[in-house]
Structures are given as C-alpha cells and as structure tokens.
Amino acid sequence: MFRAGFVTWLLFLLLLKLGALNVQLGFVIGCHEGEREALLKFKQSLNDPQNRLSSWEGKDCCLWEGVGCDNVTSYVNRLDLHDPSCDPYNNGFDGSWLISRKLDRSLVELSCLNYLELSCVDFQGSQIPGFIGSFKHLSYLNLSSSNFGGVVPSQLGNLTRICTLDLSMHDDNFHTCNLSTHLNWVSRLVSLQCLNMNNVHIYRSMNSTHMLNMPPLLSNLQLSNCKLNAPMLISIFSNFTWTSKIRHLDLSANFFEGSLPTFFVNMTSLTYLDLSWNSFNGSIPLWIQNMGKLQILNLRLNNFSQVEGGAIMGILGNLCKLKSFDLSWNSIRGEIGAHHNLSKCVAYDLENLRLSHNMIGGILPSWLGDFKSLRILNIFGNAIEGPIPVLIGSLSYLEELDISGNSVNGNIPQGLRQCKALRTIDLSSNNLQGIVCESFFTNLSSLKYLDLSSNSLEVNLSSNWSPPFQLTWLGLKSCKMQMQFPQWIWNQTNLIILDLSNNMLSGKLDLLFQLKKLEKVNISHNQLTGRAPHFSSSMLNTIDLSYNLLSGPLVHSNRSGKNDSVGAFVCHLPYLQFLDLQKNNIIGTIPDCWGYTYNLVYINLSSNNLSGPIPVSMGQPPRLQFLKLCNNSLQEQIPPTLSSSSNLQILDLGRNKLVGNIPITWNGKTHPILQILRLRGNQLEGAIPPTLCSLLMLQFIDLAQNNLNGTIPHCFGHLIGMKLPPSKDQSGVDMNVVDHDIASAPAPPYLADYIDPLNNITIVNLKGEELQYTTTLMFVVNLDLSCNALIGSIPDEITNLSSLIGLNLSHNYLTGIIPKKIGEMTSLESLDLSNNYLSGTIPSSMSNLTSLSSINLSNNKLHGQIPTGNQLQTLIDPSAYEGNPGLCGDPLPNKCGTGQGRNQPQPEQKQHDKEDDLENPWFYFVIISGVATGFWGVVGSLLLKDRFRFALFQLVDNVVDYLYVQVMIRLNRSES
C-alpha cells in the first residue's frame, strides 16, 4: 500500500517536471484555440494608438505580451494590460492608453483567469459588466483609473476567491464620482484582503441602516473621496471582529465631522491611518498613543484645535514605530516644546514631521535634534519665534527643512551646512539676520530648492561663483545683494523658479535669457538696464521685470532691420499667464501679437513711454483678467476688440492720449465680472454710454479728466457692485436674480495667485489727494466723473449706491439741487461736488454721513444754513464751503440770522422743501400761470363787456361814498 502510494506521487512529480521541461524546450503546442480567438476578438474591441498589442499574432497566445498561461494546462490564467507609464492622478488620460467603448464579453472564454489587470484602460464611462462575477478562480482584479461609470454590479460578490480588488477611479476635480455602489455585496468576498474604492461614490441601500458586515480577512481598506458621512462610518466600522485586524485604512476626503470616533481604539493592528481632508474638529485624543504599530498618521486638512493635554508632540508618546506624522493645515494652538513626553524610541524612527499652517507658537525645541532619522521637517505658516536650534545641524538624513512664514530670528546655524542630504531649504518670510556666504553651501551639493527671501539677511555671493548644486527653485527676494546681475545664475540650467526681486541689482540683462526650463522669473524692484530680454524657455508662465530701468522697444528687429512684431519677446510664450513690465523706460509701440498668448491672465505695461495705438490683438487672450496700460502716451481710439475680453476684472487705461468715445459695446454680456474701470486723464469725448449700467459688478469707475459731455446716466443707481446687498433695488430689480446671472459666468483664474502687492500700486484720487492702493483696490468703491463737461442735475438714483466710499462730480456744469437722500449713502468717506452750478440748500440728511472725512461743496450757488451734527461737526475747514455767498453758519465766518444760529435747532424739513421749491422752474411756471389766469379773467371781462365795467365802477363809487359819510360822522362826534 505504501509502495503504491509512493509510486503514484513519483509519477505525479514526474509529470510536473515533464510539463515544466516541455515549456522550457518549447514543446507545448500553444494556448487553446478558443481562448486565442477570444483574445483576438477582445483586441478588435480596443483602440491601440501606440500599437502596444503588436505581439498579439501567431498561434501561441501564451507568448503574447500581457498574457500568461498555466504551465501544465496551457489555459490563460493571467491578463495584464496596464500601461507601465500610467500616472492617472497627475496626467489623466494622455491619449496613449488603450481605449474601448466597453469591456468585451469575449473574455468570458478565459474561464481559468485568476489575475486580471486592466488599470488605465479607458472604457469611456461604460458600466462594469456583470459577467466579471463569473470568473470563479479570480484572486486579483484591478480596474483602477479605467474610466468606468454607472453602478458597480453586485455580481462581483460572486468572486469568493478574490484577495485584491481595486475599483478606484481617477478624479480630475477630486469631488466628482462617476462610479457608485453600495457595500452589501462586499461581505460575500470571504477571501478579500485588500479593497480599494477611492473616488467611488458609496451610498447607503434601503436596508443598510444596520451594521455592515465586512470580509473577515480584510486588512487593507481605501475609501478616499467616497462621499461617506458619520452614520455610514459607524455602520461600516462597528464590527470589532474585522476592525481589530485592519492594518491599512484610508478615509481621506470624505464628509466626516465632529470628534474622532472611539471605535478607532480597537484598531490596534493599524500601521497606516489617513483621515486627512475631512472636517474632524475638537481635540486630538491621546488614545491614539495606543496604536503601537502605527507607522503613518495623516490628520492633515481638518479642523482640530488642539491636542488633548496641550502638548502637540505628546501625541507621539507610545508610537514607537511612527515614521510619518502630518498635522498640517488645521487650527492647532499650543507650543511644540511645551510639556513634551516622548519615548526615546520615537526619536529613532520618525522621518516625516509636518505641522505647517497652524497656529503653533513658542520656540523650536532643541530636542528636535534627537530625531536622528528625520528627513522632512515642515513647520511653515505658524507663529514660531526664537532662533533655529543648533542641534538641527546634527540631522544627517535631513532632506527638507521648511520653517518659512514664521517669526524665527537670529542667525542661520552654521551646522546646517553639514546636512549633506538637504534638498530643500526654505527659511523665507522670517526675521533672520546675518550674512550668508559661499562657504555655507560648500557641502550642500544635493540642494534643489533654496528660498531665503524676505528676511534681514545679506546674501554675499560673488558674480562668478561656481555653486556645488543645480537648483530648480531659487528665491533670494530682499536679500541685499547689491551687485551686478550674478553670472552664476546662467549655470543653473535646471531652474524653474527664479526670484531675485528687491535687491538693488544693477547692470544689463543678457538679451537672450538662456534658462530653458524657467516657468517663473521675478527680477522686479532692481536697477537693471538694457532692453527687455528674449526668453529661451517656452514654458514661462510668469515674467516680472517691473520697477527697473529697462529701455528700448518691446519689438525686436530682424536681420533686415525691420521691426518684427511676431518677434516681440512675449509672443512665442504659449503658457504665459502673468506679464509685468511697469515702471521702466520702455519706448515704442506695443506689439500686435497677443493672439498667440492664449493663457494670459495679467498684463501690466503701465508707467512707461509707450506710444501708438492699443493693439487690436490685446483683446484676444480669452482668459485675460487684468489689463493695465496707464501712464503712457497711447493714442487713437480704444479698440473694439476689448469687448471680447469677457473675463476682465480690472481695466486701467488712465493717463494716456486716447480719443473717441467710450465703447457702447461694453455691457453686462461682454464684461460680466468687470469690477474696476479706470479711463482717467485721456481725451475721450461724447456722452457716458448707459450700457455701462449693465456692468453690474462695477465697484470702481474713474472717468475723470476727459472731455465727456451730456448727463450722468440715471441708471448708475442700479450698479449692485456699489451697493450693500439688499433684496431689491429702488427700481424693483430683483438683485437675487441678477446675482444668479453673474454667478453663472465662467470663473477665471484667481488673480491673487499672481499679483505681488508691492507691484500692483494704483493711484486713486480720493479725499482730495492721491492715495496709493495695492490689492486692496478691490475693496475701494468709488465713482469719479470730475473734470469733464457734464450737464444736468445729479440723479437721485445715485443715492442708492450705499457702498460708495468716494463720490467726485466736481468741475462740471451740473445744476439743480443736491439729492435730499444723500444721507442714505452711509459708507461715504469722501464727497466732492465743487465747481458746479448747484443751487438750493445743503440737505440736512447729510449729517447722517457718519463716515465722512472729506467734503468739498465750494464754488456753487448753494444757500441757507450749513447742517451740523455728527461727523459734519468735525469738518471745520471753511474752504469746503467757500464760493457760495448764500451759505451761512459754521465753519464759515458769516453767521445765520436770528433763530438760526449755531446752537438753534435746524428748520423743519418743510421749510427746506419750500426753499427748494423756489429754485424749481416749475414752481415759477405755476405761479405765473395762476397770476395770468386771474388777471386776464377779471381785466379781460371788463374790457370786453361794457355792462360789467359800468356796474364795477358804480359799485366802487357807492363804496367810496359810504366810507366818506361814515368817516365824516365819526369826526363830527369826536369834535363835539
């Protein structure tokens, strides 16, 4: 019996050996014909732009790329078509992947499949077919980033041998889920160990109010961005049986809020926990210390306010195996070094410590130098004070040091230069002092990112220095370099970001800026001369050369000596988004080549010596938000193509020599989000077009110092950008509807990402003087129509602009009265109506302007008493009222009559109405008409009718006789 069994096993092993030998020697006939035909049919359902399946020919499909067969049976048991270059979370579908309208059913013939990998195959939103549930032998299924949509079929619950299931989807917006499912069918996957459903919308089925049973062997669960909420979290994780075994858990980017649930206490096997991008709040509990096997802990981007007990690093007490701790982007208060209670084992394992963008104060503790394995120390954007600990220089494995955006002071520790592994040093925006010399960088050959900007440092590097590193990011803003433009910069051929602004650099820039990988260059606020360079990097998105001494034209000359507008230094940069050349000495015309710059968001060529017309192509960049050409000598008319710039928020063409009319094509459809319009100091003429009133987002209008005529449009009172947010305006227009229309406009890129406040200075005439505004200009609500030839009265509708800070209508030919409701403009700080022909009294409601700090009503025809009370009582400059002979009262020297002194109560509003009525021409017309009617009604009748005339004369004679008799009788009685 034993011998027979032994012979049987010997024969079995011999057969296995022969099978393997046949495979090695190529004696196997090949794969089964039915499976080969099924694979060829599947190939026909795929679009293969890169010809990746070129090997799928011949009879032996087991030799085809991506196909694997059983060594004994030759049945296909493995199909792997994933793209090795696939990077879906960064690139999306790049056009080189396999594409199919749906997963072809021909794969059903591969009945022995145990491994199916179709990640990064683009199935164009089709549904996962239910027939996949028929692969009884399947132990590995990966459909990640394959662009499936619809509902996951519950037939996948039939895969009872599956160990790894990956249905995660690529998500461009990080919020949109095209694939959805419930989790009831998952409980049938009794062999499942790893489940990845990132970016799949998981919803609760009608009967899933009870606890969900998860597979008992599940140890790796990834449910990032699945739209899970707190009740769903409890239903999934209430079962202690499986949660005690889980090792890898990713619940990031869901809708969790409140305190951390206590069931996490049971997850003592966890090595990886990611709860980032949620809304957890309150304190971080210290029971996290009990997760002794934890290696990765990510609590980034929540609303935690503190660590329980107050010690931020105290949470690490018993986490002896922790390698990465990320608490960044919360609202954590406290101090790093306060009451720390760290086990020594932590100091030897922690590699990644991120505490950035919180409210952490205090000083950096010296014991950070005990974290000998530390590779990343990132604490930017807090309130850290004091010096950088010297012991940080002993961290020999340190690769990234970011302490930017704090209040760290003192010198940079010289020991830091011994950290040879450093790739990133960011100490910008602190209070560091001292001199940084070339010797500091001698051992830092691995350095890629260096930013020392915005400190009190003096960087002393010679122009011909040879750095030991090749940087991709160099930030030395405000580092007191005071030298010729450094020549060693040209050797940093890998530079992507270069910021040398505000350093008093001098000399000429090379006409060809030979850094071919540059994406952002900022050399503003220096003393550089020469012409604007021609950049060799086609990847540039930001160019800031403002506040220098650059000269010459923007247009380069070709070999024939003729100007070539296409050769202008910006026109060959397809990714350019930000261009700032303001405050230089650039001459000539603006090149007409802006149609090549599709991505432009910001153009600032102000304060140069540019002449000629505004190019027609300047209105072509579809994403343009900011166009500033002020303080030049630009001529001719405003090009009509600017009506095509629908994303404009700021348009400043002030102080040029532009002529013609303001375009009537500017309206709410062409510029739905325009907020600032400045045409000041040109030679524009004609009337103010009423179409401007449909620019409902306008909050800053400066048309001063032109030759505009006509009247002020009454519809200016409907500009909701200059109002506090009521539900309806005076005209009955529903502002909620208007806001909805504006909100539906396409959202442009965010300007604040580009604008440097130091560069974006705009002069605003307000409060009788020129004031400088930077990005805060967006909060200035101003209407300035001064120094034109406007006629007519001030529209009453102007008083609807309740957010208006400045109103200047001076130096025009305006008549009529000051609107009586002007006191409703409660935000007014500056009011100038001087040098017009306004008449009537000053409305008493003006005393309601409690924010008013500047007023000028001089040189009009106003009369009556100057109102007193509130803020007006503090404006004591008599020049604000001079040139109005009829005015009286403080602060003028001529006092009002009896009963109208300074301490007397103001006349009733009715009296003001009567006085105002005397100034109304209709009042005179009515009075004259009444007198004329009465006069000719009597006199005319006497002239035309003799009988009436004789009767009247007879009546007069009788009355006179009667009065005479009565008088004589009384006189006689008195004498007697």
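All residue numbers refer to positions in the sequence shown, counting from 1.
The side-chain heavy atoms of Ser168 and Asn199, taken from C-beta on, include no pair separated by under 4.5 Å. Between Phe256 and Asn302, every side-chain heavy-atom pair lies at or beyond the 4.5 Å cut-off. Proximity of Leu179 to Val152: side-chain heavy atoms (C-beta onward) are separated by under 4.5 Å at one or more points. Looking at Ser111 and Phe135, their side chains never come closer than 4.5 Å, going by heavy atoms from C-beta outward. The shortest distance between side-chain heavy atoms of Leu515 and Ser537 does not fall below 4.5 Å. Counting only heavy atoms from C-beta outward, the side chains of Phe280 and Leu299 never approach each other to under 4.5 Å. Contact check for Leu143 versus Ile132: side-chain heavy atoms found under the 4.5 Å cut-off. With contacts defined as side-chain heavy-atom distances shorter than 4.5 Å, the pair Thr181/Ile202 qualifies.
Judged as a side chain to side chain contact (heavy atoms under 4.5 Å, CB included), and not counting sequence neighbours, the contacts of Ile496 are Thr472, Glu519. Evaluation of the side chain to side chain donor-acceptor pair (under 3.5 Å) rule for Ser45 yields no partner, not counting sequence neighbours. Legend: residues meeting ring-ring contact (aromatic ring centres under 6.0 Å, His included) with His82, ordered by chain and number and at least two apart, are absent. In this structure, the ring-ring contact (aromatic ring centres under 6.0 Å, His included) partners of Phe513, at least two apart in sequence or on a different chain, are Trp490, Phe535. Every residue two or more places apart in sequence or in another chain that forms a side chain to side chain contact (heavy atoms under 4.5 Å, CB included) with Asp326 is listed here: Asn298, Arg300, Ser328, Arg354. Looking at residues two or more places apart in sequence or on another chain, you find a ring-ring contact (aromatic ring centres under 6.0 Å, His included) between Phe469 and Phe441, Trp465. Looking at residues two or more places apart in sequence or on another chain, you find a side chain to side chain contact (heavy atoms under 4.5 Å, CB included) between Arg105 and Val108, Phe131. For Cys61, the disulfide (SG to SG under 2.5 Å) partners at least two apart in sequence or on another chain are Cys31. The disulfide (SG to SG under 2.5 Å) check on Cys112 picks up nothing, with sequence neighbours excluded. Residues satisfying the side chain to side chain donor-acceptor pair (under 3.5 Å) test with Asn378, not counting sequence neighbours, are Glu400. In this structure, the side chain to side chain contact (heavy atoms under 4.5 Å, CB included) partners of Tyr115, at least two apart in sequence or on a different chain, are Arg78, Asp80, Glu117, Tyr140.
Between Leu223 and Asn254, the closest heavy-atom pair is O-ND2, 2.9 Å. Nearest heavy atom pair, residue Pro622 against residue Asn647, reads O-ND2, 2.9 Å. Listed here is the closest heavy atom pair of Phe237 and Thr243: O-CG2, 3.6 Å. Across every non-hydrogen atom of Met214 and Leu218, the tightest pair is CE-CD2, 3.9 Å. A pairwise comparison of heavy atoms in Ile288 and Leu319 identifies O-CD2, 3.4 Å as the closest pair.
Applying the side-chain contact (heavy atoms from CB on, under 4.5 Å) test between Ser324 and each of Leu297, Asp349, Ile376, Ile296 identifies Ile296 as the sole match. When each of Leu495, Ile497, Asn494, Thr542 is paired with Leu518, the side-chain contact (heavy atoms from CB on, under 4.5 Å) condition holds for Leu495 and for no other.
Summarising the geometry, atom CG belonging to Leu228 is positioned 8.5 Å from atom NE2 belonging to His201; distances are rounded to the nearest 0.5 Å. For the atom pair Ser269 OG and Asn266 CG, the distance stands at 10.5 Å (nearest 0.5 Å). Between the OG atom of Ser373 and the CG atom of Leu395 there is a distance of 9.5 Å, given to the nearest 0.5 Å. Between the CG atom in Asn77 and the CG atom in Leu116 there is a gap of 11.5 Å [rounded to 0.5 Å].
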Checklist line | Leu217/Val190 under side-chain contact (heavy atoms from CB on, under 4.5 Å): CA gap, chis, key distance, verdict | finding: CA-CA 7 Å; Leu217 301 179; Val190 293; over 6 Å; no
Next item on the list: Could you check Leu444 against Leu450 for side-chain contact (heavy atoms from CB on, under 4.5 Å), going step by step and ending with a plain yes or no?
Entry: CA-CA 11 Å; Leu444 302 181; Leu450 175 63; over 6 Å; no
Margin query: Go through it in stages, so that I can follow the logic: the residues are Leu474 and Gln492, the test is side-chain contact (heavy atoms from CB on, under 4.5 Å), and I'd like the CA-CA distance, side-chain angles, deciding distance and then a yes or no.
Written below: CA-CA 10 Å; Leu474 176 59; Gln492 299 296 303; 5.7 Å; no
Notebook entry, point to check: Given Lys41 and Glu37, is the side-chain contact (heavy atoms from CB on, under 4.5 Å) satisfied, shown in steps?
Noted result: CA-CA 6 Å; Lys41 185 177 180 182; Glu37 292 179 356; over 6 Å; no
Next item on the list: I would like to know whether Glu399 and Arg423 meet salt bridge (Lys or Arg N to Asp or Glu O under 4.0 Å); could you show each step before the answer?
Entry: CA-CA 5 Å; Glu399 298 177 3; Arg423 298 170 58 87; 5.2 Å; no
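Side chain of Glu65 to main chain of Leu53: no donor-acceptor pair is present (N/O by atom type, distance under 3.5 Å, no hydrogens or angles). When atom types are taken as modelled, the side chain of Asn213 and the backbone of Ser187 share no donor-acceptor pair closer than 3.5 angstrom. Side chain of Ser145 to backbone of Cys120: no donor-acceptor contact under 3.5 angstrom is found. No side-chain donor-acceptor contact under 3.5 Å links Arg247 to the backbone of Lys293. Side-chain atoms of Asn599 come within 3.5 Å of backbone atoms of Pro574 as a donor-acceptor pair (strictly under, hydrogens ignored). In this structure a side-chain-to-backbone donor-acceptor pair under 3.5 Å is present from Asn142 to Ser144. Using modelled atom types, no side-chain atom of Trp473 and backbone atom of Lys448 make a donor-acceptor pair closer than 3.5 Å. Glu35 places a side-chain N or O within 3.5 Å of a backbone atom of Val76 that can act as its donor or acceptor partner. A distance-only check finds a donor-acceptor pair linking the side chain of Asn278 to the backbone of Leu251 [under 3.5 Å]. A donor-acceptor distance shorter than 3.5 angstrom exists from the side chain of Gln470 to the backbone of Asn491, with no hydrogens or angles considered.
Tyr272 OH: more than 12 foreign heavy atoms inside a 6.0 Å radius. Residue Lys43 qualifies as enclosed at atom NZ: its count of foreign heavy atoms under 6.0 Å is above 12. Annotation: Trp64, atom CH2; neighbour count of heavy atoms from other residues, nucleotides and ligands within 6.0 Å is above 12.
When only modelled atom types and interatomic distance are considered, Ser224 and Ser252 share a side-chain donor-acceptor pair under 3.5 Å. Side-chain N/O atoms of Asn196 and Gln222 include a donor and acceptor closer than 3.5 Å.
In this pair, His32 and Tyr75 present their aromatic rings parallel. The plane angle is below 30°, not in the 30 to 60° band.
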Show which side-chain atoms of residues 154-161 pair as donor or acceptor with protein atoms under 3.5 Å away, not counting sequence neighbours.
unit_1, atom_1, unit_2, atom_2, d
Asn158, ND2, Gln155, O, 3.3
Arg161, NH1, His137, ND1, 3.0

